[in-house]
Amino acid sequence: MHHCQEQVRRAIHDYKMLEADQRVLVAVSGGKDSLALWHILSQLGYEVDGLYLGLGIADYSQASAERARKFATRESLKLHEIDLPRDVGFGVVTGAKIAKRAPCSACGLSKRHLFNQAAVQLGYPTLATGHNLDDEAAVLFGNTMRWDEEYLARQFPVLEASNGFVRKIKPLVRLGEREMAAYCVVHEIDYILDECPMAAGNKHLTYKDLLNVLEDRSPGSKAAFLFNFLDRAHQRFADIAVVERSELIPCTVCGSATTAEVCAFCRLQQRACAGTATPVKLSGSIK
Ligand code: Q46
Ligand code: ZN
């Protein structure tokens, strides 16, 4: 317990993630990482509320929401909720099918857009996500396999606020998957054990498996891969992200910063909802 708290404290300090009195919004999925992160930040004394996004994946979304609500009630923490089908008009499975996108692509886009929009509308300057060391190393592996410079430029434990984007932080970057599971077990945090049914065949999981094979043969290689990139190589790509953000214009539908006239999320909504994209007024629908 002490180790996990210390690693989060150190990540916050090393990457200058948070000021002591800053309000934080945690993106909560009902899984071990986000619930453990919410618990640790609140134990460290931050004013931290949760936001659960219902993806419309039948039983899985219902079970995830129940875990998030149960934890919030137990800890007397505030949980906001957005439900994609109810508040936006489509769930990731049906929406992705109609829009001819992969469910994970529609899901990732919706999460990025709605978590940021909710943080802006609810007045949270910082959004924290539960990406752990295993997640970040797997994402880095994928980005490196494609030498995707734009993604490499954005891969950092803290992304500063700019142009309609709140500050994004990943305080679990120094902790692995097993540590987060152990943290939840010790604290009797009931989290959803099942993998999302849409995850089967996901490249991200393949990269995680490959890195675990490397880690077994050469312990420490996963952390070295990630932290040597952050310390020695990330800066070489960082300017690309600055240029990218400076070229953004407001979406004509929702006002979010984008490179096109209508942002990718509103285009997805237009396709998934048969031509209609209406600006989502989250503050009205968030409970
Ligand atoms: S929740 Fe969403 Fe993951 Fe499910 S649909 Fe894919 S991206 S697998 S983190
Ligand atoms: Zn938009």
Evaluate the side-chain contact (heavy atoms from CB on, under 4.5 Å) criterion for residues His13 and Arg10: first the C-alpha distance (whole Å), next the side-chain angles of each, then the deciding distance (0.1 Å), finally the verdict. CA-CA 5 Å; His13 174 268; Arg10 202 170 146 188; 5.6 Å; no
Crowding at CZ, Arg146 (>12 non-hydrogen neighbours, <6.0 Å): yes
From Glu149 CD over to Asn143 CG, what is the distance, rounded to the nearest 0.5 angstrom? 11.5 Å
State the CD-CE distance between Gln22 and Met17, to the nearest 0.5 angstrom. 12.0 Å
Compare every heavy atom of Tyr52 with every heavy atom of Ser29, then report the nearest pair and how far apart it is. O-CE1, 3.7 Å
Please check if Leu193 and Leu35 belong to a single hydrophobic cluster, counting links between Ile, Leu, Val, Met, Phe, Trp and Tyr side chain heavy atoms closer than 4.5 Å. yes
So, the side chain of Gln155 versus the backbone of Glu136: is there a donor-acceptor pair under 3.5 Å, distance only? yes
Is atom CZ of Arg236 surrounded by more than 12 heavy atoms (other residues, nucleotides or ligands) closer than 6.0 Å? no
Are the side chains of Val158 and Lys16 in contact, using a 4.5 Å heavy-atom criterion? no
Taking all heavy atoms of Asp135 and all of Gly130, pick out the closest pair and write down the distance. OD2-O, 4.0 Å
For the hydrophobic clusters of this structure (ILVMFWY residues joined by side-chain heavy atoms under 4.5 Å, transitively), does one cluster hold both Phe141 and Val139? no
Please determine if Arg112 forms a cation-pi arrangement with Phe165, meaning its NZ or CZ atom is less than 6.0 Å from the six-membered ring centre and no more than 45° off the ring axis. no
Distance check, rounded to the nearest 0.5 Å: Met198 atom CE versus Ser105 atom OG? 13.5 Å
N/O donor-acceptor pair under 3.5 Å between Glu47 side chain and Val24 backbone: no
Kindly assign one of parallel, tilted or perpendicular to the pair His234 and Phe229, based on the angle between their ring planes and the thresholds 30° and 60°. perpendicular
Same cluster or not: Leu159 versus Ile240, using hydrophobic residues (I, L, V, M, F, W, Y) connected whenever any side-chain heavy atoms lie under 4.5 Å apart? no
Kindly indicate whether a cation-pi arrangement holds for Arg23 with Tyr124, taking the cut-offs as under 6.0 Å to the six-membered ring centre and within 45° of the axis. yes
Any link between Leu152 and Met145 through a network of hydrophobic side chains (Ile, Leu, Val, Met, Phe, Trp, Tyr) touching at under 4.5 Å? yes
What pairs of donor and acceptor atoms, side-chain ones from residues 252-262 against any protein atom, are under 3.5 angstrom apart with sequence neighbours left out?
from   : atom 1 : to     : atom 2 : distance (Å)
Thr252 : OG1    : Glu261 : O      : 3.3
Thr258 : OG1    : Ala260 : N      : 3.2

Applying a strict under-4.5 Å side-chain criterion to I, L, V, M, F, W and Y, I'd like to know whether Ile169 and Tyr151 cluster together. no
Is the number of heavy atoms from other residues, nucleotides or ligands under 6.0 Å of Asp59 CG greater than 12? no
Just do the side-chain contact (heavy atoms from CB on, under 4.5 Å) check on Val26 and Tyr46 with the steps written out, would you? CA-CA 11 Å; Val26 175; Tyr46 291 100; over 6 Å; no
Ring pair (Phe, Tyr, Trp, His ring centres under 6.0 Å) partners for Phe225, two or more places apart: none
Any salt bridge between Glu66 and Arg69, counting N to O under 4.0 Å? no
Just how far is it from atom CG of Asn228 to atom OG of Ser221, taken to the nearest 0.5 Å? 11.0 Å
Are Lys168 and Arg154 close enough that some pair of their side-chain heavy atoms sits under 4.5 Å apart? no
Contact summary for Tyr207 and Ala138, nearest pair of heavy atoms: CD1-O, 3.7 Å
Interatomic spacing from CD1 in Ile40 to CG in Leu175 - rounded to 0.5 Å: 6.5 Å
For atom NZ of Lys208, decide whether the heavy atoms of other residues, nucleotides or ligands shown that lie under 6.0 angstrom number more than 12. yes
Nearest heavy-atom contact between Tyr183 and His39 is OH-ND1, 2.7 Å
Asn116 vs Phe265 side-chain heavy atoms within contact, under 4.5 Å: no
State, yes or no, whether a side-chain contact exists between Pro157 and Leu230 at a heavy-atom distance under 4.5 Å. yes
Do Leu226 and Val173 pass the side-chain contact (heavy atoms from CB on, under 4.5 Å) test, and can you show the C-alpha distance, the side-chain angles, and the key distance before you say yes or no? CA-CA 9 Å; Leu226 178 63; Val173 70; 3.9 Å; yes
Is any side-chain heavy atom of Tyr191 closer than 4.5 Å to a side-chain heavy atom of Asp33? no
Please examine the side chains of Arg101 and Arg271, heavy atoms only from C-beta on, and report whether any two atoms are closer than 4.5 Å. yes
Which residues share a side-chain contact (heavy atoms from CB on, under 4.5 Å) with Arg178, sequence neighbours left out: none
Once rounded to the nearest 0.5 Å, what's the spacing between atom CD of Gln117 and atom SG of Cys263? 8.5 Å
For Gly50 versus Val28, what's the shortest heavy-atom pair and its separation? CA-CG2, 3.9 Å
Plane angle bin for Phe156 and Tyr15 - parallel if under 30°, tilted between 30 and 60°, otherwise perpendicular: perpendicular
For residues Ile192 and Tyr60, determine if any side-chain heavy atom of one lies less than 4.5 Å from a side-chain heavy atom of the other. yes
Derivation and outcome, side-chain contact (heavy atoms from CB on, under 4.5 Å), residues Arg174 and Asp14: CA-CA 11 Å; Arg174 300 182 58 86; Asp14 289 356; 4.2 Å; yes
Should Leu114 and Leu84 count as side-chain neighbours, where that means a heavy-atom distance under 4.5 Å? yes
How close do Lys222 and Leu211 get, counting heavy atoms only, and between which atoms? CE-O, 4.2 Å
